[in-house]
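Taking it in order: structure first as C-alpha cells, then the write-up.
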Amino acid sequence: MIRLVQSGSSSLRVAGAATALLVLSGLVAGCSSPDAESSADSTTRSTSGSSTAEVVGSEMVPGKAWARVEPADAALDPAVLDTIAKDASGDSYCLTVVKDGRVAYERNFRGHQSDDPLEAFSVTKSFASTMVGIAEADGDLSLADPASTFIPQWKNTDSADVTVRNLISNDSGRFWSLSSDYVQMLQARDRTRFAIDLKQAAPPGTVWNYNNAAIQTLDRVISTATEQPTSQFGADRILKPIGMSNSSFTGGPNDSTLMFMGLQSTCPDLARFGLLAMRDGKWGDQQVVPSGWFTQAAIPGSLNPAYGFLWWLHTEKPFKPAVGGTSKAAFFPDAPDDTFAALGLGGQMVVVIPSQKLVISRMAAEDQSDPVGGSFGQELPARVVSAVTD
C-alpha cells in the first residue's frame, strides 16, 4: 500500500506520475495524489459506539461488528459476485457488498487484512461535504455564507463572493491548473495556506473544475466555523458515531487537515459511511447527519450533471470529467438513477444505491495504472445490481 511520506523529492516524483496519469486518462473520478503528511500528524482512530447490531425496519445497523448474511439469503447471486471479485482481484485490496445493512459479500486480495487502513484519496471529499452539512445544521455556517466569513484573506478581493456552496459544488472559480493542484500544493508544507493564497480565476458559479485546492480551503472554513480542528470535528461527528474504528483523517501543520484526500480507511469502514448516506444520515436512533442532507448532496449541479456536493452521480447526459473536456459517455452506465458515489484516485469507491438498499466499497491497489479505476469502476454498480435476484 502507499505509505504517507513527507513532502520533498520523493513526493515530487509521485505527484508527477499522478499528473501524467491524469492527463492520459481524460476520465472521471475523485482524483488526488498519493502524497500526504506523515502518519504522525494523523488524528487518533475513532472508537465505535454500540457493540451490537440493531434492526431498523428491514435493515440492520451494525454495532462494533457487521451483521453478516450469505449472498443467497440477501437475494444476491453468489456466482455473479464471484465473477466480479475475480475481475477485481488483480488491482484491488478489498471489495465489500452490503445489502439491507448486512455484509453479504466480502473479499480481500493481495494478503490484505480487512482492518488494515489504506489511503482513500478523494473519497475524503465526500466526508468534507458531509462535515459542512453537519456544521450547517449546528448553526455554525450556512451554504449561502461567503467563504470569506471564515477566510479573512478573501475579504475585499475577487474571492469575496465565493460561497460555501460554491466550494462544495466545485464551481468556486478559484484558480486551478494541473501544476498547482497536483504538484505545487502537494509540495507545500501547509496545503491549506497554499490553497487559500491562490487567486480567483473566474466569477463564482460560472465554471466547473475538479479543484483540489478550492476543496482544501474547506479546512479553514470548517475549523473556523466549529472552533476546533477539522480532523477532530470529523472524527467526533462522523467516524465515532458510526463505528469507523479503523479510520482517521490526515492532519498537517497548524492543526490543518487534508480535505481533498487523506482519509485512511478500510472497505468495512467505508461501507458504514455508505450505509449512513443510504439511511438519510441516521444511525440507529441517532441522526448523525441532518435528514435530507445526502438527498441534497446528490442533486446534480447546473454545470455538471455527474456531480453534486463532492459526490459523483449517475447520469446518461454529457458530463464534465475530473480532467479534460466534456465526456459523451454515461457515468455509471446502466446503474439505477439514484446511484451516487464517493470516488478516489485509482478506483477507491463507496457506491450508494438506495433503491436497491445496496452499498459497495472497494479499495484499489496502488499500482493501478488508470487513476480513475477504469471500466471496472464505472461498470461495478450495474454489475452488482445485476446480482440482485428479487
Side-chain angles (χ1 to χ4, degrees), residues 4-37 119 121-122 124-125 128-129 147-148 150-154 157-164 166-221 230 250 252-254 256-262 303-304 307 310 320-325 343-346 371-372:
L4 302 179
V5 296
Q6 293 288 352
S7 297
S9 60
S10 61
S11 67
L12 176 59
R13 289 195 296 271
V14 170
T19 301
L21 286 169
L22 283 160
V23 173
L24 289 171
S25 72
L27 296 172
V28 182
C31 305
S32 42
S33 166
D35 178 40
E37 297 296 331
E119 170 60 59
F121 297 107
S122 289
T124 312
K125 292 178 171 70
S129 78
S148 59
F150 313 100
I151 306 174
Q153 296 94 317
W154 290 3
T157 72
D158 291 341
S159 297
D161 293 332
V162 173
T163 65
V164 176
N166 290 137
L167 293 176
I168 62 173
S169 300
N170 264 333
D171 63 2
S172 67
R174 294 280 297 165
F175 177 82
W176 177 91
S177 73
L178 280 172
S179 177
S180 65
D181 240 30
Y182 295 103
V183 179
Q184 296 171 31
M185 184 166 66
L186 296 170
Q187 292 177 301
R189 181 173 181 272
D190 189 334
R191 290 157 185 164
T192 298
R193 180 174 179 178
F194 174 88
I196 287 172
D197 288 347
L198 291 173
K199 302 300 183 182
Q200 192 73 17
T206 62
V207 177
W208 189 92
N209 276 317
Y210 193 78
N211 193 327
N212 286 325
I215 293 164
Q216 183 57 33
T217 67
L218 287 169
D219 174 40
R220 183 65 56 80
V221 171
T230 304
T250 300
N254 303 318
S256 63
T257 303
L258 290 186
M259 301 298 282
F260 67 99
M261 60 168 285
L303 299 177
N304 192 352
Y307 211 73
L310 306 185
K320 293 183 181 295
V323 177
L343 300 178
L345 178 73
V372 299

- Message: With a 3.5 Å distance limit and no angle check, can you tell me whether Ser122 reaches the backbone of Gly344 through a side-chain donor-acceptor pair?
- Response: no

- Task: With sequence neighbours left out, write down each residue that passes side-chain hydrogen bond (donor to acceptor under 3.5 Å, both in side chains) with Thr230, or none if nothing qualifies.
- Result: Asp219

- Query: Can you find a side-chain donor-acceptor pair between Ser159 and Arg174 that sits under 3.5 Å?
  - Reply: yes

- Under a 4.5 Å cut-off applied to non-hydrogen side-chain atoms, are Leu167 and Ile215 in contact? no

- For Asn166, all residues meeting side-chain hydrogen bond (donor to acceptor under 3.5 Å, both in side chains), sequence neighbours excluded: Thr163, Asp171

- Under 3.5 Å donor-acceptor, Asp190 side chain and Thr192 backbone: yes

- Query: For the residue pair Ala195 and Gln216, what are the closest heavy atoms and their distance?
  - Reply: CB-CB, 4.0 Å

- Note on the structure: Interatomic distance, CG@Asp158 vs CZ@Phe175, rounded to 0.5 Å, equals 14.0 Å

- Message: Holding to side-chain hydrogen bond (donor to acceptor under 3.5 Å, both in side chains), I want the full list of residues that pass it with Gln184, two or more places apart in sequence or in another chain.
- Response: Ser179

- Message: I'd like to know if the side chain of Lys125 and the backbone of Phe260 have a donor-acceptor N/O pair within less than 3.5 Å.
- Response: yes

- Reference residue Arg191; test side-chain contact (heavy atoms from CB on, under 4.5 Å); the match among Thr257, Leu258, Thr217, Ile196: Leu258

- Message: Looking at Trp208, is its backbone amide N or carbonyl O close enough to the side chain of Trp176 to form a donor-acceptor pair, meaning the two atoms are under 3.5 Å apart?
- Response: no

- State, with a plain yes or no, whether a side-chain heavy atom of Tyr210 is found less than 4.5 Å away from one of Pro321. no

- Message: Given 3.5 Å as the limit, does a donor-acceptor pair link the side chain of Gln200 with the main chain of Val162, or not?
- Response: no

- Note on the structure: Output for pair (Leu345 CG, Phe121 CZ), nearest 0.5 Å, gives 5.0 Å

- Query: Where the side chain of Ser177 meets the backbone of Ser180, is there a donor-acceptor pair that is under 3.5 Å apart?
  - Reply: yes

- Query: Just how far is it from atom CH2 of Trp154 to atom CG of Asp161, taken to the nearest 0.5 Å?
  - Reply: 12.0 Å

- Task: Decide yes or no for Gln153 and Arg220: does some side-chain heavy atom of the first lie under 4.5 Å from some side-chain heavy atom of the second?
- Result: yes

- Message: Under the criterion side chain to side chain contact (heavy atoms under 4.5 Å, CB included), I'd like the reasoning laid out for Tyr307 against Lys320: C-alpha separation, chi angles, the key distance, then a yes or no.
- Response: CA-CA 9 Å; Tyr307 211 73; Lys320 293 183 181 295; over 6 Å; no

- From CG (Leu310) to OG (Ser169), nearest 0.5 Å: 7.5 Å

- Message: Is it the case that the side chain of Asn209 and the backbone of Asn211 share a donor-acceptor pair, with hydrogens and angles ignored and the cut-off at 3.5 Å?
- Response: no

- Message: Distance check, rounded to the nearest 0.5 Å: Asn170 atom CG versus Asn212 atom CG?
- Response: 8.0 Å

